[in-house]
Amino acid sequence: MAKKRTRDKLVKFYVTEEELNIIDQKSKAAVLDRSKYCRKMTVDGIIVKQDFTSVDTLVYEVNKIGNNINQVAHRANQIESVPYEDIRFLKNQLNKIYKQIEEFYKGG
């Protein structure tokens, strides 16, 4: 008498030749056959969704600073000097950027 399967549901999906090669390489590295590897990754694997909202904010701030630097350079070319207030403003803007970069790398 044949033994009853514990896994009696069939799951099928299509992959490209390249994807199949990658799956085979990873299954060999994990010392599992293809079926066990796919089952393990499907059941226990994780998908990492990255949130780039903070990067978008950082890019926006960097663009603002770039515009401010261009304005200060234009002003400096007109009057051949840069007022201290303009330099202090740019330093404050850069400090904001540095803080955002720190937060980004800390995972905040």
**Message:** Less than 4.5 Å apart, side chain to side chain, heavy atoms only: is that true for D33 and S27?
**Reply:** no
**Request:** Flag yes if F13 and I22 sit in one hydrophobic cluster, no otherwise; membership is Ile, Leu, Val, Met, Phe, Trp, Tyr, and two members link when side-chain heavy atoms are under 4.5 Å apart.
**Result:** no
**Prompt:** Would a 4.5 Å heavy-atom cut-off, applied to side chains only, mark N92 and K96 as touching?
**Reply:** no
**Message:** The criterion is salt bridge (charged side-chain N to carboxylate O under 4.0 Å, His left out); which residues satisfy it with D44, sequence neighbours excluded?
**Reply:** K40
**Asked** Can V11 be reached from L20 by stepping across I, L, V, M, F, W or Y side chains whose heavy atoms are under 4.5 Å apart?
**Response** no
**Item:** E18 atom CD: more than 12 heavy-atom contacts under 6.0 Å
**Value:** no
**Asked** Nearest heavy-atom pair of V62 and I97: which atoms, and what distance?
**Response** N-CD1, 3.5 Å
**Asked** Yes or no on side chain to side chain contact (heavy atoms under 4.5 Å, CB included) for K91 and R88, after CA distance, side-chain angles and deciding distance?
**Response** CA-CA 5 Å; K91 280 186 170 183; R88 191 173 69 212; 5.6 Å; no
**Message:** For a 4.5 angstrom cut-off between non-hydrogen side-chain atoms, does R39 reach R7?
**Reply:** yes
**Asked** CD1 of I23 to NZ of K28: how many Å apart, nearest 0.5 Å?
**Response** 13.0 Å
**Asked** What's the spacing between E19 CD and E17 CD if we round to 0.5 Å?
**Response** 10.5 Å
**Request:** Taking salt bridge (charged side-chain N to carboxylate O under 4.0 Å, His left out) as the test, write out the residues that go with D24, two or more places apart.
**Result:** R34
**OH on Y37 to CD on Q25, rounded to 0.5 Å** = 10.5 Å
**Item:** Shortest non-hydrogen contact from L94 toward I65
**Value:** N-CD1, 3.4 Å
